[in-house]
Novice: 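Please see the structure below; I have some questions.
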Protein chains: 2
Amino acid sequence: MAETTAASPKATSKKMRRQEAEALILSAAEKVFAEAGFGGATMQLIADVAGLPKANLHYYFPTKELLYRQVVQRIFQIWLQAADIFDQAEGPEEGIGAYIDAKMEISRRHADGSKVWASEVMHGAPVIQDYLETTLTDWTNGRIEVIERWIAEGRMAPIDPRHLLYMLWATTQHYADFGHQIETLNGGAPLDDVQWEAAKTNIKTIILRGIGAVE
Amino acid sequence: MAETTAASPKATSKKMRRQEAEALILSAAEKVFAEAGFGGATMQLIADVAGLPKANLHYYFPTKELLYRQVVQRIFQIWLQAADIFDQAEGPEEGIGAYIDAKMEISRRHADGSKVWASEVMHGAPVIQDYLETTLTDWTNGRIEVIERWIAEGRMAPIDPRHLLYMLWATTQHYADFGHQIETLNGGAPLDDVQWEAAKTNIKTIILRGIGAVE
DNA sequence: TCTGAATTTGACCATACGGTCAGGAAGGCC
DNA sequence: GGCCTTCCTGACCGTATGGTCAAATTCAGA
C-alpha cells in the first residue's frame with residue numbers, strides 16, 4: 001500500500017488530526033479510484049483500504065464526488081509542477097529532455113494519480129472541465145510560445161508545437177496509464193530501474209532527434 | 001449517435017434479427033461504457049441509448065460483464081487489423097508510416113472503442129488479461145522481429161523496438177482517449193479534417209526522423 | 001476536574017442497480 | 001389457419017450503495 005503519506009491507521013492515539021486523516025483517506029481513495037474508476041469505486045472499499053469506518057470518511061469528505069474532486073486536483077498540481085523544468089531551460093534539448101524525465105518520474109511515482117486523471121479526462125472531464133479551460137489552456141499556450149521561439153531561433157525543426165506537446169504527454173503518461181499492459185508484455189514484472197532508464201532514453205532520443213534538436 | 005451499425009431502433013417491424021439487435025446494443029454499450037466506464041455504466045442507460053427496454057438487453061446479453069466483454073473484444077479485433085499494414089511494408093518508412101495512419105484513423109473512427117479498451121487496461125485488464133498474455137504478446141514479438149530486422153539492415157537507427165511500439169500506441173491512441181482534452185484545447189471544437197492530417201503528418205515526421213528512417 | 005468542541009462509529013434509510021420471469025406478440029413454415 | 005420458435009417487455013426481487021444520524025469517545029484548555 002501507499003506509504004507516502006502520514007502514519008499507519010491505528011499506530012498512534014485513537015484520535016487523528018484533520019490533516020493526517022485527510023491525507024490517509026486521499027491516499028486510499030487515489031488507489032481505489034485508479035483501480036476501479038469513479039463509478040466502480042465504493043466508499044466502503046476506500047474506507048477498508050484506509051482502515052477506517054465508512055462513516056468516518058463522510059465526516060471528512062461529505063460526498064464521494066467531493067473526495068474524488070480532491071484526488072483529481074492533487075494530481076493536477078503535480079502534473080503542472082513538472083512544467084517548471086520546461087521554462088527554466090535554455091533550449092529544446094535541455095527543456096524537452098528534462099520535461100520528459102520529469103513526466104516519466106511522475107508516471108512511475110504517481111501511477112495511480114495519473115490513471116485517475118486519465119479516467120477523468122476520458123469520461124469528458126465532468127469534474128475538472130474548468131481546469132482544462134483555464135489553467136491547462138493557459139499553461140499550454142505559454143509552452144507553445146516557448147516552442148515557437150525555439151523554432152524561430154532555428155534551434156529545432158518547424159513542428160506544430162501543439163502536436164508535439166500531445167506527443168510528450170501521450171508517450172510519458174502511457175507508462176503509467178497502460179502500465180499493466182507494459183508489465184504483462186514484460187513477462188509479468190514491473191519495469192526495473194534499468195528498463196525505466198531505457199524507456200526515458202529511447203523517448204528522448206527519438207523525440208529530440210525527431211524535432212531536430214539534436215543530431 | 002453512432003450511425004455505423006444497423007438500422008434505427010423502431011424503423012422497421014417490431015421484431016429484430018438477432019444480428020442487428022446485437023449490433024445495435026453493442027453500439028450503444030460501447031458509447032455508454034466509453035462515457036461512464038464499466039462501473040459507472042448502467043444497463044438501463046445502455047437500453048435507453050439503444051432504444052430498447054432493459055429486459056431486452058438481457059435477452060441478448062445475459063449479464064453486463066458478457067456485454068462488456070464483447071465490446072472490448074470488438075475493438076481489439078479492429079486494433080489488431082491495423083497490424084496487417086505493418087507487415088505488408090517493405091521498410092520502416094512505409095510500414096511505420098502506414099501504421100500511424102491506420103491507428104490515427106482508428107482513433108478518429110472508433111474513439112469510443114478505444115476509450116473502452118484504455119479503461120479496461122487501466123483497471124488491470126480484469127476481462128481481457130488472457131488476450132494480453134497470448135494474442136497481444138505474440139503480435140508484439142512478431143513486430144519486434146520486423147523492427148530488429150530493419151535495424152540490422154541499416155534502414156533505421158538502433159532503437160529499442162519495444163519502446164518504439166509503446167510510443168506508437170501512446171501517441172496515436174492519445175487522440176482518442178484524450179480527445180476531450182484536445183477538443184477543449186482546440187477551443188471546444190473537434191479537430192477538423194485539416195487538423196487530423198496535420199496531426200498525422202507531425203507524428204510521422206517526428207517519429208520517422210527520430211528513428212532515422214528518413215532524413 | 002470540568003466543560004465543550006472535535007472526532008469516531010454502529011445502525012439505519014432510501015434509492016438504484018443487475019438480474020429474473022411469466023406471459024404476450026411476431027413471424028416463418030406446413 | 002395452426003403451430004412453434006424466436007423475440008419482446010412490464011413488473012418484480014434481493015442486494016449493495018451513498019449518505020445520515022445520534023450517541024459515544026477523546027482530548028485540550030480553563
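Reminder, nothing fancy here: chain letters follow the sequence lines and each chain counts from 1. As a basis for the values below, the full set of heavy atoms in this structure was taken, side chains included, without hydrogen atoms, waters or symmetry mates. Since the structure is predicted, the reported quantities are computational estimates derived from the model, not experimental observations.
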Novice: Grab the OH-C1' distance between B:Y68 and C:dG18 for me, whole Å please.
Specialist: 17 Å
Novice: Could you write out each protein N or O paired with an N or O of nucleotides 10-14 of chain C at a distance under 3.5 Å?
Specialist:
none

Novice: Distance check needed: C:dA26 C1' versus B:E20 CD, whole Å only.
Specialist: 14 Å
Novice: Rounded to the Å, how far apart are B:L67 CG and C:dC17 P?
Specialist: 16 Å
Novice: Suppose the criterion is salt bridge (charged side-chain N to carboxylate O under 4.0 Å, His left out): which pairs have a residue in residues 110-126 of chain A, not counting sequence neighbours?
Specialist: none
Novice: Strictly by salt bridge (charged side-chain N to carboxylate O under 4.0 Å, His left out), give each pair with a member in residues 188-205 of chain A just once, sequence neighbours left out.
Specialist: A:D101-A:K204, A:E105-A:K200, A:R108-A:D193, A:E197-A:K200
Novice: Evaluate the ring planes of A:H174 and A:F178, with Trp represented by its six-membered ring, and classify them as parallel (under 30°), tilted (30 to 60°) or perpendicular (over 60°).
Specialist: parallel
Novice: Partners of A:H110 by ring pair (Phe, Tyr, Trp, His ring centres under 6.0 Å), sequence neighbours excluded?
Specialist: none
Novice: Given atom CZ of B:F61 and atom P of D:dC7, what is their separation to the nearest angstrom?
Specialist: 12 Å
Novice: Once ring pair (Phe, Tyr, Trp, His ring centres under 6.0 Å) is applied, do any residues pair with B:F76, and if so which ones, sequence neighbours excluded?
Specialist: B:W117, B:Y131
Novice: Under 4.0 Å, counting only non-hydrogen atoms across every strand here, what does B:A47 touch: a base, just sugar-phosphate, or nothing?
Specialist: nothing
Novice: According to salt bridge (charged side-chain N to carboxylate O under 4.0 Å, His left out), does anything in residues 51-66 of chain A pair up with another residue at least two apart or in another chain? List the pairs.
Specialist: none
Novice: Taking only side-chain nitrogens and oxygens of A:R18, does any of them come within less than 4.0 Å of OP1 or OP2 of C:dA6?
Specialist: no
Novice: Taking only side-chain nitrogens and oxygens of B:Y59, does any of them come within less than 4.0 Å of OP1 or OP2 of D:dC7?
Specialist: yes
Novice: Distance check needed: D:dG19 C1' versus A:M43 CE, whole Å only.
Specialist: 9 Å
Novice: Between A:L57 and B:P62, which has a closest nucleotide on DNA chain C that is more 5'?
Specialist: A:L57
Novice: Could you pick out which residue, A:T63 or B:Y60, lies toward the 5' side of DNA chain D when each is mapped onto its nearest nucleotide?
Specialist: B:Y60
